[in-house]
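Residue numbers begin at 1 in each chain, while the letters A, B, ... track the order of the sequences. This structure is a prediction, so every number in the text was calculated from the model and none was measured.
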Number of protein chains: 2
Amino acid sequence: MRRSYLFAGLEDGDYAAISVHTQMLEVSSGQMIFAQNTPVSTIYWVVDGMVKLTRTSAQGDEKVIELIGPGRFFAEAVLFMGNGYPVNAVAQGACRLISVDGAHLKEWLAQDAQRCFRMMSGISMRLHKLVADIDRLTLMKGTDRLLQYLIDHSEPDDTGRTVVEFEAPKQVVASRIGIKPETLSRLLHKLSEQGCIEVQGARVFIADVEHLRQIKLD
Amino acid sequence: MRRSYLFAGLEDGDYAAISVHTQMLEVSSGQMIFAQNTPVSTIYWVVDGMVKLTRTSAQGDEKVIELIGPGRFFAEAVLFMGNGYPVNAVAQGACRLISVDGAHLKEWLAQDAQRCFRMMSGISMRLHKLVADIDRLTLMKGTDRLLQYLIDHSEPDDTGRTVVEFEAPKQVVASRIGIKPETLSRLLHKLSEQGCIEVQGARVFIADVEHLRQIKLD
DNA sequence: CGTACCTTTGATGTGAATCAAGAGTAGTGG
DNA sequence: CCACTACTCTTGATTCACATCAAAGGTACG
């Protein structure tokens with residue numbers, strides 16, 4: 001946690017001061033960590049597991065805004081807003097989290113503007129990502145967004161092939177990409193017919209990453 | 001400018017210190033203030049006129065992310081990111097702007113964490129708005145987004161009627177809402193056929209705001 | 001071994017983009 | 001003041017991607 005952007009360059013004394021107001025918590029799959037519109041009191045850091053941040057529409061539909069994996073903070077950007085959490089946070093599988101008390105964190109930040117700077121740059125990153133999301137959702141269509149997702153999450157595996165492992169059930173990933181589960185299934189099918197990818201459960205093997213980039217431009 | 005969130009609670013001395021590094025600039029219609037991906041050096045405050053923040057896709061399409069009117073800052077949230085401006089800023093009509101040098105502003109902020117706090121809460125607001133935009137663009141369809149826009153921008157005029165004055169040419173507003181100009185035209189037509197609104201050039205009269213809210217739920 | 005959930009597949013519907021003209025509206029210059 | 005060009009705005013016909021509805025395999029788990 002000391003290595004995350006927020007606490008980078010922390011001195012031992014500081015660390016002790018902060019950890020007094022932290023707490024480890026374990027949440028089970030599907031459990032809600034906080035709900036949209038409730039007052040912000042705490043920020044979180046993911047030790048292991050996966051947390052999904054979602055918005056619920058008036059009709060009750062759920063849209064996944066972001067998936068947070070180990071080593072990342074969430075809710076830290078809204079600490080100063082006063083409006084309450086803008087999203088729901090739900091455990092995607094069992095998770096361990098560290099919660100940091102908001103009021104105390106603010107107090108700690110107030111002591112040194114440099115700490116604030118680090119935080120601001122972290123927040124700016126997130127802002128930047130959201131802007132990128134907006135144009136992914138408007139400028140690009142579903143297929144493009146899927147390809148982008150695959151490219152972004154691809155890594156070489158043991159055998160040297162390029163592979164993407166879905167970080168969550170397909171329905172969740174579909175929502176993250178901004179399409180329906182049915183459509184995701186169809187798109188994956190279409191791409192494997194074309195020989196670009198090979199699907200094995202939650203694993204997608206990519207024949208040629210460059211080729212995917214090409215398709216995106218058609 | 002002293003009344004804006006960023007400089008609220010400013011003391012006279014501070015004000016003088018800041019204003020040394022500001023500059024008034026006049027830009028003509030269509031002029032680009034900064035381009036996407038160029039390094040961030042300056043933030044801006046709108047005196048009068050309107051600035052549009054856009055993203056350009058690989059295909060050259062332009063999507064309006066936000067329209068900034070008088071009394072508002074822009075680009076302040078990305079000052080700490082180091083990645084360059086995430087958007088283009090283009091004058092929508094003739095504008096007068098005040099530019100504030102980024103490096104000096106940072107220096108000023110570094111002196112007092114409280115100043116940072118105010119800024120962070122401003123940034124958080126923007127973040128919150130972007131999240132709201134994302135679900136408007138995904139959870140709602142075009143008609144809903146238009147209605148939402150109308151409701152958000154409606155005000156009573158001299159004669160007591162509720163009216164929305166488009167802040168920019170219809171094509172720009174269309175892009176802001178996330179639809180094509182043709183579609184906007186059709187939607188407006190459809191709504192006036194239904195008697196909900198009356199369109200007069202860039203002015204839209206609303207018969208019954210509550211009624212619009214109703215329609216949104218159908 | 002059966003219930004519950006996730007995923008796939010098929011048939012159908014619809015919102016909005018696209019393509020293609022035409023109608024206003026405005027600014028320019030003879 | 002009127003033609004001339006250049007936009008912005010509307011309208012229609014067509015196409016397409018994606019959602020929706022419905023149902024059938026799969027897979028996990030008590």
May I have the distance from B/L187 (atom CG) to C/dT14 (atom P), rounded to whole angstrom?
-> 16 Å
List the atom of B/S121, the atom of A/F80, and the distance in Å for their closest heavy-atom pair.
-> CB-O, 3.1 Å
Between the side chain of A/R203 and the main-chain N/O of A/V163, is any donor-acceptor distance below 3.5 Å?
-> no
Atom-to-atom span, CG of B/L147 to P of C/dG15 - whole angstrom = 14 Å
Whole angstrom value for the distance that separates C1' of D/dA17 from CG of A/D144 | 11 Å
B/K180 has an atom NZ; how far is it from atom C1' of D/dA17, in whole Å?
-> 15 Å
Between B/L146 (CG) and C/dA16 (C1'), how many Å, whole number?
-> 14 Å
Find the distance B/K63:NZ to C/dA17:P and express it as a whole number of Å.
-> 11 Å
Report yes or no: does B/Q36 contribute a side-chain atom to a donor-acceptor pair with the main-chain N or O of B/Y85 at less than 3.5 Å?
-> no
Heavy-atom count around A/Q23 CD within 6.0 Å, excluding the residue itself: above 12?
-> no
In whole angstroms, the gap separating P of C/dA16 from CD1 of B/I177 amounts to 11 Å
Assess the side chains of B/S28 and B/Q31: does a donor N or O sit below 3.5 Å from an acceptor N or O?
-> yes
Rounded off to whole Å, could you give me the CD-to-C1' distance for the A/Q171 and D/dG26 pair?
-> 14 Å
Closest listed nucleotide, where the reference is the side chain of A/K141 and the choices are D/dA19, D/dC18, C/dC6 = D/dC18
Select from B/P169 and A/I179 the residue whose nearest nucleotide in DNA chain D is closer to the 5' end of that strand.
-> B/P169
Table of protein N/O atoms under 3.5 Å from nucleotides 8-11 of chain C N/O atoms:
unit_1	atom_1	unit_2	atom_2	d
C/dT8	OP1	A/K170	NZ	3.2
C/dT8	OP2	A/S185	OG	3.3
C/dT8	O5'	A/S185	OG	3.2
C/dT9	OP2	A/H189	ND1	3.4
C/dG10	N7	A/R186	NH1	3.0
C/dG10	O6	A/R186	NH2	3.3

Donor-acceptor pair, A/R96 side chain versus A/V46 backbone, under 3.5 Å?
-> no
